[in-house]
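This report concerns only the one structure given below.
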Amino acid sequence: MIYPILSAEEAAEFVQNGFTVGVSGFTSPGCPQAVPVAIAERAKREHEAGREFKINLFSGASTSDHIDGELTRADALNFRTPYQSHPDMRKAINANAIHYNDRHLSELAQEFRYGFYGKMDIAIVEAQSITDDGDLVLGTSMGNTATWLKMADKVIVEVNDQIPETILGMHDVYTPNDPPYRREIPIYTPHDRVGTPTARVGTPTAHVDPKKVLGVVKTSLPISKEGAFTPVDDVTAAIGHNVCAFLVNELKAGRIPKEFLPLQSGVGNIANAVLDALDKSDDIPPFEMYTEVIQDSVLELLESGKCKFASTCSMTFSSGAMTEFFEKGEALHNKVLMRPSEISNNPEVVRRLGVITMNTAIEADIYGHINSTHVSGTRLMNGVGGSGDFTRNAYISIFLCPSIKKDDCISTIVPMVSYPDHNPHSVDIIITDQGIADLRGKDPVQSAHEIIEKAAHPVYRPLLREYLNLAKKGHVMMNPDIAFAMHSTLIHDGDMRKTDFAKFMK
């Protein structure tokens, strides 16, 4: 190997205060694990010596405790984008200790290439191997790694010997040309590989100019530390049942082709419960997935044959499922392909393939706005992620949430969402444990009645009907005096059921 072999501590010394750093990964799989921890330790030493040390961090999506957790606790972050899900980082962002820019995941790589964020000083990437010519076999995700390798002034590579050699061939590394030279992305089915294994475009390996590589850090670390998701409960099972009922009805009505269409599913316990329900349904035919993340439930779908193929950006399996996946060999490897996030989430491809999208909401209002990101409108949870990429270009866009939370004290259906990430122009269906609200072809008032009667919990329907009766007449019946009365009551009294709209009327 022509590259210097470095310790993580030696590699961290290349990172200076104020640097812009890009990391590989999309969720925790595929993220570098050793060098970020060493950077955090260096930041602590610098701070103890009275010197400033903070970096600007760019990723593919959320990362791991090795990155977002360690760097946050070391007060080593000035700026972060495009997505996060770490509790320590969330707390720091909400305290305005870290500047956080929430972005659609499909956009960040191209925006960096356009020059919107300045230059990237160093990229730190995890790989299974790197050749003397600069070809890298990446790990269990893609994210924005290909762009970081191209744009960074210098590169540090963590070669992790725990990544199996059999991962070679599971990546489709494709970067579109930037405008005005961009052409169509030639993906016509989820299983299409762009280009050929021998072409620089569409290769199973990423590439970096060998002259930019500062060195290689050898590691031997687990490739997944994801925990298993919470087992399906009555609420998530009901949501899964309602999703299946909706899709089956669309099939019977001819609104979904009999061959079915590719599915996209977000992350979390609700998504896993829905996919589990699809797996068990005899009325849902085998399908393909075109999505950004595959979780444990997708592994079960692949094994059962219900999912014929999964195009993704990341294999976000629990540690046990990751081990099982690689033990299965070609039987499963040939059913999964990892793509960069600007391809896995690409609006052009999503629209062309006719992807049916399913994403979770923090709350929805009676007109069909969706809040995916901020509790009570101010406190960031995770970020918009890829939900906007898929929702705005879906064949059918579906949002999922339980109808109530916190021992019935919170209704997820409210008069007006406290932070609108998605508007009714992009939202077709809202499904809760209570039922299915179909907003297609309905005006705002019709949508309000549909959502109240079919998606809201019975405990909150009287309050929501009362709000609608008090709303000012118009195309959208809205009363600004009381639109957030339920949120305000929750903040002050801890229970939305105590809402008295009259107290808020001016």
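Count residues from 1 along the sequence.
Contact annotation: the side chain of Thr147 approaches that of Glu342 to within less than 4.5 Å [non-hydrogen atoms, C-beta and beyond]. Taking the side chain as every heavy atom from C-beta outward, Lys328 and Leu299 never approach each other to under 4.5 Å. Residues Tyr174 and Pro186 have side chains in contact (heavy-atom distance under 4.5 Å, counting atoms from C-beta outward). No side-chain heavy atom of Ile404 sits less than 4.5 Å from a side-chain heavy atom of Val235. Arg193 places a side-chain heavy atom less than 4.5 Å from the side chain of Pro204. Counting heavy atoms from C-beta outward, Ser411 and Ser403 have side chains that stay 4.5 Å or more apart. Taking the side chain as every heavy atom from C-beta outward, Tyr460 and Ile413 never approach each other to under 4.5 Å. Two residues are said to be in side-chain contact when any heavy atoms from C-beta on lie closer than 4.5 Å; Leu261 and Ile396 fail this criterion.
Looking only at distances, a side-chain donor or acceptor of Gln84 sits under 3.5 Å from a matching main-chain atom of Met381. Between the side chain of Thr312 and the main chain of Glu292, a donor-acceptor pair closer than 3.5 Å is present. Checked by atom type and distance alone, the side chain of Thr489 pairs as donor or acceptor with a backbone atom of Ala485 at under 3.5 Å. Using modelled atom types, no side-chain atom of Asn101 and backbone atom of Thr81 make a donor-acceptor pair closer than 3.5 Å. Side chain of Asn479 to backbone of Leu470: a donor-acceptor contact under 3.5 angstrom is found. Although no hydrogens or angles enter the test, the distance criterion places no donor-acceptor pair under 3.5 Å between the side chain of Asn393 and the main chain of Val350. Proximity of a side-chain donor or acceptor of Ser24 to a complementary backbone N or O of Gly30 within less than 3.5 Å is detected. Not one N or O on the side chain of Asp365 forms a donor-acceptor pair closer than 3.5 Å with the backbone of Val414. Although no hydrogens or angles enter the test, the distance criterion places a donor-acceptor pair under 3.5 Å between the side chain of Arg80 and the main chain of Tyr83. Between the side chain of Asn272 and the backbone N or O of Ser297 there is at least one donor-acceptor pair closer than 3.5 Å.
The shortest heavy-atom contact between Leu251 and Pro285 is CD1-CD, 3.7 Å. The two atoms that bring Cys307 and Met289 nearest to each other are SG-CG, 3.8 Å, heavy atoms only. Taking both residues in full, the closest heavy atoms of Met486 and Met496 are given as O-CG, 3.4 Å, listed atom of the first, atom of the second, then distance. Listed here is the closest heavy atom pair of Pro32 and Val125: CB-C, 4.5 Å. The two residues Phe504 and Ser488 come nearest to each other via the heavy atoms CE2-OG, 3.6 Å. The two residues Ile294 and Ala310 come nearest to each other via the heavy atoms CG2-CB, 4.0 Å.
Among pairs with a residue in residues 343-356, those fulfilling salt bridge (charged side-chain N to carboxylate O under 4.0 Å, His left out) read Glu348-Arg352, at least two apart in sequence or across chains. For the side-chain hydrogen bond (donor to acceptor under 3.5 Å, both in side chains) condition, the pairs that include at least one residue of residues 461-477, sequence neighbours left out, are Glu453-Arg465. Pairs passing the salt bridge (charged side-chain N to carboxylate O under 4.0 Å, His left out) check and including a residue from residues 253-278, sequence neighbours excluded, read Glu250-Arg255, Asp276-Lys280. Counting only residues at least two apart or in different chains, ring-ring contact (aromatic ring centres under 6.0 Å, His included) contacts with residues 390-420 comprise His374-Tyr419, Phe399-His422. For residues 94-106, the pairs satisfying salt bridge (charged side-chain N to carboxylate O under 4.0 Å, His left out) are Arg103-Glu107, Arg103-Glu111, with sequence neighbours left out.
Atom CG of Asp178 has more than 12 heavy atoms from other residues, nucleotides or ligands within 6.0 Å. Counting non-hydrogen atoms of other residues, nucleotides and ligands closer than 6.0 Å to CG of Asn177 gives a total above 12.
Listed by chain and number, the residues in a salt bridge (charged side-chain N to carboxylate O under 4.0 Å, His left out) with Asp495 are Arg497 (sequence neighbours excluded). Listed by chain and residue number, Arg440 satisfy the salt bridge (charged side-chain N to carboxylate O under 4.0 Å, His left out) test with Asp438 (two or more places apart in sequence, or in another chain). The ring pair (Phe, Tyr, Trp, His ring centres under 6.0 Å) search around Phe484 returns His487, not counting sequence neighbours. His191 meets the side-chain contact (heavy atoms from CB on, under 4.5 Å) test with Thr189, Glu288, Phe309; sequence neighbours excluded. Applying the salt bridge (charged side-chain N to carboxylate O under 4.0 Å, His left out) rule to Glu363 yields no partners; only residues at least two apart in sequence or on another chain are considered. Partners of Leu439 according to the side-chain contact (heavy atoms from CB on, under 4.5 Å) rule, which considers only residues two or more places apart in sequence or in another chain, are Val427, Ile430, Ala437, Ser447, Glu450, Ile451.
Side-chain contact check for Ser387 and Asn359: no donor-acceptor pair (N or O, by modelled atom type) lies under 3.5 Å. Judged by distance alone, the side chains of Thr316 and Ser314 do bring a donor and an acceptor atom under 3.5 Å apart. Checking Asp88 against Thr72 by side-chain atom types alone, no donor-acceptor pair falls below 3.5 Å.
The aromatic rings of Phe79 and Phe58 lie tilted to each other, with the angle between the two planes from 30° to 60°. Using bins of under 30°, 30° to 60° and over 60° for the plane-to-plane angle, the ring pair Phe325/Phe317 lands in the tilted bin. In this structure, Phe112 and Trp148 have perpendicular ring planes: the angle between them is above 60°, well past the 30° mark.
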Point to revise | Residue pair Asp421, Thr373: steps toward the side chain to side chain donor-acceptor pair (under 3.5 Å) verdict | key: CA-CA 7 Å; Asp421 290 295; Thr373 58; 2.8 Å; yes

Practice item. Begin with the C-alpha distance, continue with both residues' side-chain angles, and end with the deciding distance and a verdict on salt bridge (charged side-chain N to carboxylate O under 4.0 Å, His left out) for Asp279 and Lys306. Key: CA-CA 6 Å; Asp279 192 17; Lys306 179 58 75 73; 5.1 Å; no

Exercise for review: Just do the salt bridge (charged side-chain N to carboxylate O under 4.0 Å, His left out) check on Asp493 and Lys498 with the steps written out, would you?
Suggested key: CA-CA 7 Å; Asp493 299 326; Lys498 297 179 180 180; 5.9 Å; no

Exercise for review: Step by step, work out the side-chain contact (heavy atoms from CB on, under 4.5 Å) result for Met89 and Leu77.
Suggested key: CA-CA 9 Å; Met89 176 169 282; Leu77 290 173; 3.2 Å; yes

Exercise for review: Carefully, step by step, assess His449 and Leu468 under the rule side-chain contact (heavy atoms from CB on, under 4.5 Å).
Suggested key: CA-CA 9 Å; His449 288 293; Leu468 202 57; 3.5 Å; yes

Name every donor-acceptor pair, under 3.5 Å, that has one atom in a side chain of residues 238-247 and the other anywhere in the protein, sequence neighbours excluded.
unit_1, atom_1, unit_2, atom_2, d
Asn242, ND2, Ala238, O, 3.3
Asn242, ND2, Thr432, O, 2.8

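Rounding to the nearest 0.5 angstrom, the gap separating the NE2 atom in His425 from the OG1 atom in Thr391 is 14.5 Å.
A salt bridge links Arg73 to Asp65: one of the charged nitrogens lies within less than 4.0 Å of a carboxylate oxygen.
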